[in-house]
Amino acid sequence: MHEIIICEKPKAAEKIAQAISPNVKKRKYNKKVSYWEIEEENKKITVLSAVGHLYSLTPVNPKSKVFFDLEWAPLYEIDKTKKYTRDYVYAIKKFSKDADKFIHACDYDIEGTLIGYNALKYACGQNTTANISRMKFSTLTKTDILDAYNNMIDLDLHQVESGSARHVLDFYFGVNISKSLMHSVRTAKKRFLKLSAGRVQTPTLSILVDREKQIKKFIPKPYWLIKALLNGEIIADHEDGKIFDKKRAEEIFDKCQNQNALVDEVKKTETIRKPPVPFNLGGLQSEAYGVFGFSPKKTQMIAQNLYTGGFTSYPRTSSQKLPKSLEYKKIFMQLSKNAEFKKHIQDLPSELKPNEGKKKDAAHPAIHPTGVLPDKLSKDELKIYELIVYRFISVFCENSKLESVKTDLLIADEKFNFKRKRVSYLGWLAHYPFKKIENENFLDIKKGDIIKVEKICSEQKETKPPARYNEASLIKELEKRELGTKATRADIIAKLYDRKYISGKKIEVNQLGENLIDTLKEYCEDLTSEDLTRDFEKRLEGISNDKTTQEAVVNDAEKEVKAILGDINKNEADIGDKLYDAYQQSRIVGECSCGGNLVMKYSPRNKSHFVGCSNYPECEITYSLPKGATFLKKTCPKCGLPIISFGKPRQHACLDPNCGKDNTKRHVVKVVGVCPDCGKDLVKRSGRYGDFVGCKSFPKCRFTCSLEELKDLESKSKK
DNA sequence: GCAAGGTC
């Protein structure tokens, strides 16, 4: 008897193998892929692992114009960056050859069910469920795993179909509509522009466009704040706060002149601040953004590295819980080997009870350190690691206490007040160095005191439009709306930047992004809102509980998408025109001395961006850009060109590297050789990073090389 | 070239 257990990921496979038998032997396939063998009296068990999806949907006919005929193919054949999945597939194929029982032990959710099913079907060659059983567990603890192993259930094919349909629907809508948008631009402008739309990315962009529109249409309203300056160190606010009635503001201002303040009441309150809750992925991303300014994607990558290194736990979790089975004591003992950590750990209460959050996750606990101390980490990795460690420590700490005093004053008969607060007991705040502690001075003031008013101020202000999203607050919004998943949200936002739909840390929507949403609202409104996700969920649920079939759902979707594509096609010249013009608009970085627009351009040859004039070829001016350069909203006081920011640490400079210097230098032409690409003269030029050699017929010919490379060229041509 | 979803 030979049993095969297929798990979703290596870490889960290890836990499952260890839970089933203490006599498990860990082995390696091809030196890379781990698998586990258990030998019992009359049965052998081999525990194998996938690495997430091993198979992916792909068009049967990749050359067709639209994709409605899809099939599953190995991921390593489709995506070059996923080559590592090949060994996992091969290992499953090899060790399952002589097996007679197959156990599906992937995460108990829709994607997990599909991952295991595809592995069993395509790698193990199981075309029926006759020899397949399913383990159902909600955590990867020994008791849960053993319980699942001893009480296996049948594989639910409705769930498999439901998961499969989700992939098909996303492909139908996403890939086909994206392709048709790009096709429109090609038809209208004979240009290639990378465009995309999808069930998650488009509503996400739409959220940003809505905010952008709110900001644009916002009309600021004036209001007044009346403040009283007392004793040189007290600023008291009028009780009404924002006063929109100018007359009322003037009335208070006049009335309070040359009056003393009577202390009407002094109220002291103490509030308790609970420790923070353990990190889930979103929480970690948000905190790392706030504390270090790391993008959610960067944080996710670092967290993945720390997990692979064995220093922290599985990062793609939505859990804010730390179950007891983690053995906190053991982790703290190990962390205490680090002297800094020890200082904080020794103050922990003897009974360890974490302050947990509400969110749960079926497969993983909250992010926590494993206790294994890293020796070599990059600066950024160390930052995230310490953030995780100190957060872990602080959730076990005591509450902190905050003391605040509110003092009510009467000036004339107008009510004013001021507040002061300080931390009266540090508790967890002493062990979480990433939280600032604000301690304000308390004053010795009692009810009935009279204080001299030095000055009454009336400040005119304006109401402000709603704030722009940043990457962290956008992720929170997506979590709230249940758009995307914990593992994909950061990637989706990065994609919107990459497509040039949005820009800036405080996210602004570019013309292209706005136009794309406008276009899609006209042709498939559902795609621009959460409606499509909700709609998918309903249909997929129908498949899960046998109210409809995968075939029916997929056929319906095909009809819908075909109708949308038909509409887009009819208007493609107009759509393409507008999209490309919008794209051009968002590339403008400044004004050229010839009166044209300076626009960002890309040189495929040099694989780099540069700035050129919209009047090219009449105006041939170009500016090279240093790596990672961004444009500031400032212009150079000397020449009016935009100011760029570049380098590490960031420095600011005029777009023209020769600005302020002897400008003629740039145009001094000294022939130094012959261009190997076009045969014209090669000339010496000077750029931001020093001198180089370029072709005289630039920008028609974009050949460049360094002075050293020129010497090599000369010696070669002599031979 | 295109989606969204898993994971090293």
Side-chain angles (χ1 to χ4, degrees), chain A residues 7-13 32-34 49-59 62-67 70 72 75-76 78-89 106-107 109-119 162-186 191-205 281 300-301 303-310 314-317 363-364 478 483-496 498-499 516 527 532-533 536 540 557 561 565 604:
Chain A
C7 311
E8 184 156 326
K9 45 194 164 259
K11 202 64 170 214
K32 285 178 214 152
V33 173
S34 301
S49 171
V51 262
H53 282 290
L54 298 174
Y55 295 85
S56 174
L57 283 178
T58 192
K63 284 186 180 163
S64 79
K65 232 181 120 183
V66 285
F67 298 147
L70 307 176
W72 291 98
L75 189 56
Y76 60 81
I78 295 167
D79 186 340
K80 277 180 193 167
T81 67
K82 307 291 165 64
K83 285 229 163 100
Y84 62 87
T85 60
R86 204 180 100 141
D87 285 320
Y88 287 85
V89 173
C106 296
D107 293 356
D109 53 34
I110 298 251
E111 290 299 327
T113 304
L114 181 63
I115 288 168
Y117 174 82
N118 279 343
S162 173
S164 179
R166 205 276 306 149
H167 283 253
V168 175
L169 263 53
D170 272 333
F171 201 108
Y172 277 11
F173 278 86
V175 178
N176 286 314
I177 292 175
S178 299
K179 268 172 76 82
S180 81
L181 291 169
M182 289 187 281
H183 188 262
S184 304
V185 173
R186 183 172 284 283
R191 298 277 169 149
F192 169 71
L193 185 56
K194 199 192 243 179
L195 292 169
S196 61
R199 175 177 52 88
V200 180
Q201 62 170 271
T202 305
T204 305
L205 179 59
L281 181 60
Q300 193 165 336
M301 276 173 62
Q304 172 69 18
N305 286 345
L306 292 172
Y307 159 69
T308 323
Y314 190 78
R316 285 179 293 271
T317 175
H364 306 279
L478 296 180
L483 279 170
T485 69
K486 54 199 177 257
T488 58
R489 289 182 186 118
D491 290 330
I492 299 249
I493 298 173
K495 201 170 269 181
L496 298 180
D498 188 51
R499 300 276 185 275
L516 182 71
L527 190 60
L532 196 63
T533 289
F536 273 26
L540 299 179
V561 174
L565 295 181

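Chain A is the first sequence line, chain B the second, and so forth, proteins listed ahead of strands; every chain is numbered from 1. Atom set for the values below is all heavy atoms of this structure, side chains included, hydrogens, waters and symmetry mates excluded.
Mapped onto DNA chain B by nearest heavy atom, A487(A) and Q201(A) fall at different nucleotides, with Q201(A) at the one closer to the 5' end. If K495(A) and L54(A) are placed on DNA chain B by their nearest nucleotide, the residue sitting closer to the 5' end is K495(A).
Contacts of G484(A) with the nucleic acid, taken as non-hydrogen atoms under 4.0 Å apart, involve only primed sugar atoms and P, OP1 or OP2. Looking at heavy-atom distances under 4.0 Å, L181(A) makes no contact with the nucleic acid at all. Residue contacts shown for V51(A) include a base, since a base heavy atom lies under 4.0 Å away. Using a 4.0 Å heavy-atom cutoff across all strands shown, Y307(A) reaches sugar-phosphate atoms only and no base atom. Here T485(A) lies in heavy-atom contact (under 4.0 Å) with sugar-phosphate atoms only. K179(A) comes within 4.0 angstrom of a nucleotide base, judged by non-hydrogen atoms across all strands. Using a 4.0 Å heavy-atom cutoff across all strands shown, A50(A) reaches no nucleic acid atom at all. Nucleic acid contact class of Y55(A) (heavy atoms, under 4.0 Å, all strands): none. Heavy atoms of R186(A) sit under 4.0 angstrom from at least one base atom.
Across every non-hydrogen atom of V66(A) and S64(A), the tightest pair is O-OG, 2.6 Å.
Residues passing the side-chain contact (heavy atoms from CB on, under 4.5 Å) test with H53(A), sequence neighbours excluded: E111(A), L114(A), I115(A), H167(A). By the salt bridge (charged side-chain N to carboxylate O under 4.0 Å, His left out) test, K11(A) pairs with no residue at all, sequence neighbours left out. By the side-chain contact (heavy atoms from CB on, under 4.5 Å) test, A490(A) pairs with Q285(A), P296(A), K297(A), Q300(A), I475(A), sequence neighbours left out. Under the side-chain contact (heavy atoms from CB on, under 4.5 Å) criterion, V33(A) pairs with Y29(A), D87(A), Y88(A), A91(A), sequence neighbours left out.
Each salt bridge (Lys or Arg N to Asp or Glu O under 4.0 Å) pair with one or both residues in residues 193-202 of chain A, not counting sequence neighbours, appears once here: D170(A)-R199(A).
Between the CG atom of L75(A) and the OH atom of Y84(A) there is a distance of 7.0 Å, given to the nearest 0.5 Å.
If you walk DNA chain B from 5' to 3' and mark each nucleotide with an atom closer than 4.0 Å to a heavy atom of chain A, the marks span dG1(B) to dC8(B).
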